[in-house]
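Notes follow the structure.
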Amino acid sequence: MRFVHFRLIGPTIAGIALLILGMATFPYYGVARIDAEARHRQEALVERNIALWISDIEFSLTAWTIWDEAIANLDNTFNFEWTDRNIGASLIGTSRTRFAAVLNSSDAILYSRTDDTVKARPFFMRGPAAIVKDASQLVANVRERELTPAKPGIPKPVAISRIEVLGEEAVLLSASLFQPDFGTAKPKGDRAPILITAMPIAGSLQDFFGERFLLDDAHVSPLSSVTSDRARVEIAVGSEGEVEVLSWRPPAPAADVLYQSLPLIVTVSLVLLAGGFFLVRMSQGTAQMLVSRERQMRHAATHDFLTGIANRSLLAEEFKTLSDAGPLMVVCIDLDGFKGVNDSHGHAMGDELLKVVAARLRSGTREEDRLFRLGGDEFAILMPDLSLAEAEQVCRRLSASLSSPIALPRCNIAIGASFGISEVADKDTTCDAALNAADAMLYQAKSLGRGSVVTASNVAASGSEKDVRRSAAARR
């Protein structure tokens with residue numbers, strides 16, 4: 001009788017056992033591949049975010065390095081008092097930089113200043129010569145890039161940075177080339193001065209980047225000591241030149257699902273359908289969590305964390321989409337008087353001011369327009385389906401809006417903004433070409449005075465800078 005029962009239920013039991021065995025073993029084939037892809041995506045996003053953070057720091061230094069007056073007082077004739085006031089004291093007083101040095105055309109130290117608050121720290125107590133020596137590779141890279149012929153207009157920054165670790169201390173070391181902006185002063189020879197800056201990173205590197213990028217169990221250590229099961233990104237150089245990496249426990253959604261599902265596999269033998277349904281629900285929840293986290297990191301990589309608007313990384317993609325669809329206006333904006341706000345009230349007030357500026361730009365543009373923060377106090381707008389005259393009217397309204405007094409927590413501030421507009425009528429026009437054209441118009445607008453709006457038609461119709469100046473004054 002038992003044999004009969006076994007023959008009746010045996011195939012069912014065997015089928016259930018094979019199903020459970022298959023459910024228990026099949027996921028192992030896909031776990032490694034899925035988790036490896038998740039790890040690779042997170043490593044790429046972290047590396048890109050670190051590069052963007054360093055790029056923003058380098059761009060902020062252009063307020064001091066792309067400046068005719070700096071060339072005149074550092075290269076043409078060295079003025080110590082001017083350098084100490086406008087380079088050393090200004091950098092240390094208005095930014096997170098705590099060390100500044102200027103190298104002459106022979107890469108010798110022309111000037112240096114260290115903030116009193118960091119002189120006792122191991123990295124800074126070694127003295128300016130040791131810090132500049134650490135930056136020698138950065139200086140060589142800047143000198144190599146200096147040989148590239150400059151394009152007309154305001155030059156692009158020539159800078160490079162790296163993070164150095166000395167004991168428990170981490171510092172962002174940067175080398176930036178001094179360049180003229182409007183050309184009223186030019187270097188005497190083929191080599192311009194170079195600015196060396198050192199900015200301490202608050203707290204430990206693992207805390208700084210771990211919290212910034214939501215990393216699990218983040219650590220900074222030499223590459224040779226990191227085990228293969230941890231995700232890693234090279235971020236720094238140690239005191240002996242060894243590579244320091246940021247490592248963390250990578251996301252393992254597939255392994256997590258499998259681990260959490262093992263108890264259920266036993267239960268599935270009794271309640272197969274209920275167990276299977278529960279497993280599917282858990283998988284969906286884990287996948288949604290992973291997608292949500294990846295979406296947050298992607299948004300952080302493509303948007304300015306201060307103002308919430310898109311950053312430079314989205315500009316080319318949006319330009320391609322809008323220019324293919326029809327006529328497009330490209331607007332470059334530069335705030336007038338922003339540096340004075342930072343110098344007088346500090347970077348905290350400057351950040352609050354940028355938030356208000358971004359809000360006013362949003363409220364003054366259409367839903368189909370695309371607004372970007374290029375860095376520092378520079379913005380750009382892509383305006384589809386507008387004529388040049390209409391775009392100019394919009395920019396004048398924005399100029400009037402930005403010139404209205406701005407109430408900040410501790411003071412009222414009045415600034416202005418200059419606008420340069422270029423028209424994209426040809427689909428073959430590249431994003432860089434259109435942006436350079438708008439930047440050239442902005443260059444003209446900055447020379448005309450606060451709140452100016454300049455288009456190519458203004459320049460062509462007026463025929464000279466003096467005429468453009470009279471035309472802009474009449475419109476204001």
Side-chain angles (χ1 to χ4, degrees), residues 30-60 159-165 170 172 174 199 201-223 225-237 243-257 283-321 358 370-375 431:
V31 164
R33 180 179 60 82
I34 295 173
D35 288 350
E37 291 177 355
R39 168 178 168 169
H40 177 71
R41 285 196 300 268
Q42 191 176 42
E43 286 176 337
L45 286 170
V46 170
E47 185 174 16
R48 184 178 183 186
N49 272 275
I50 292 174
L52 286 172
W53 173 73
I54 291 177
S55 177
D56 286 343
I57 297 297
E58 292 175 349
F59 192 85
S60 68
I160 187 171
S161 305
R162 76 179 183 192
I163 299 173
E164 285 209 7
V165 177
L172 179 64
S174 301
M199 185 189 78
I201 297 176
S204 64
L205 270 181
Q206 54 261 33
D207 292 339
F208 181 80
F209 288 119
E211 294 175 4
R212 190 181 185 94
F213 303 131
L214 307 175
L215 304 180
D216 185 15
D217 190 31
H219 289 286
V220 174
S221 56
L223 176 61
S225 66
V226 179
T227 57
S228 60
D229 61 326
R230 293 177 64 82
R232 84 279 309 263
V233 169
E234 295 183 9
I235 62 167
V237 177
V243 174
E244 298 278 340
V245 299
L246 172 68
S247 67
W248 66 93
R249 185 181 297 115
D256 290 343
V257 170
S283 301
Q284 290 176 341
T286 304
Q288 290 173 357
M289 180 182 66
L290 178 64
V291 170
S292 175
R293 179 174 293 184
E294 185 175 353
R295 186 181 298 114
Q296 291 173 0
M297 294 187 68
R298 183 178 291 111
H299 184 272
T302 56
H303 287 73
D304 176 41
F305 73 94
L306 180 64
T307 61
I309 63 179
N311 61 27
R312 186 184 293 269
S313 62
L314 285 181
L315 184 58
E317 179 182 343
E318 291 289 347
F319 176 86
K320 174 66 175 173
T321 301
R370 297 293 180 265
L371 178 62
F372 303 86
R373 183 185 176 197
L374 302 182
C431 179

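Model, not experiment: these values are computed from the prediction. Both backbone and side-chain heavy atoms feed into the values below; hydrogens, waters and symmetry mates do not. If you read the sequence from its start, that first residue is 1, and numbering goes on from there.
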TODO: Please indicate whether Glu43 has more than 12 foreign heavy atoms, meaning atoms of other residues, nucleotides or ligands, lying under 6.0 Å from its CD.
DONE: yes
Task: Between CG on residue Leu223 and OG on residue Ser247, distance to nearest 0.5 Å - done: 9.5 Å
Open item on the list: Once rounded to the nearest 0.5 Å, what's the spacing between atom SG of Cys431 and atom CD of Glu318?
Closed with: 10.5 Å
TODO: Determine whether Arg48 and Ser313 make a side-chain contact, defined as any pair of heavy atoms from C-beta on separated by less than 4.5 Å.
DONE: yes
- [ ] Enter the distance from Thr307:OG1 to Phe372:CZ here, rounded to the nearest 0.5 Å.
- [x] 12.0 Å
Task: Any side-chain heavy-atom pair of Leu215 and Leu246 under 4.5 Å - done: yes
Open item on the list: I'd like to check Arg370 versus Leu315 (side-chain heavy atoms, cut-off strictly below 4.5 Å). Are they in contact?
Closed with: no
Open item on the list: Between Arg39 and Arg249, does the side-chain contact (heavy atoms from CB on, under 4.5 Å) criterion hold? Intermediate values first, please.
Closed with: CA-CA 9 Å; Arg39 168 178 168 169; Arg249 185 181 297 115; over 6 Å; no
Task: Residue pair Val233 / Trp248, side-chain heavy-atom distance below 4.5 Å - done: yes
Open item on the list: If you define the side chain from C-beta out and look only at heavy atoms, does anything of Glu244 sit under 4.5 Å from Ile163?
Closed with: no
TODO: Assess whether atom CD of Glu234 is packed by more than 12 heavy atoms of other residues, nucleotides or ligands within 6.0 Å.
DONE: no
TODO: Taking the side chain as every heavy atom from C-beta outward, state whether Leu52 and Arg312 have any pair of such atoms under 4.5 Å apart.
DONE: no
Open item on the list: Using every non-hydrogen atom in the two residues, find where Val46 and Met297 come nearest and quote the distance to one decimal.
Closed with: CG2-CE, 4.0 Å
Task: Donor-acceptor pair, side chain of Glu58 and main chain of Ser174, under 3.5 angstrom - done: no
TODO: Work out which heavy atom in Asn49 is nearest to a heavy atom in Leu45; give both atom names and the distance.
DONE: ND2-O, 2.7 Å
TODO: Check whether any side-chain N or O of Arg232 sits under 3.5 Å from a backbone N or O of Thr227 as a donor-acceptor pair, and report yes or no.
DONE: yes
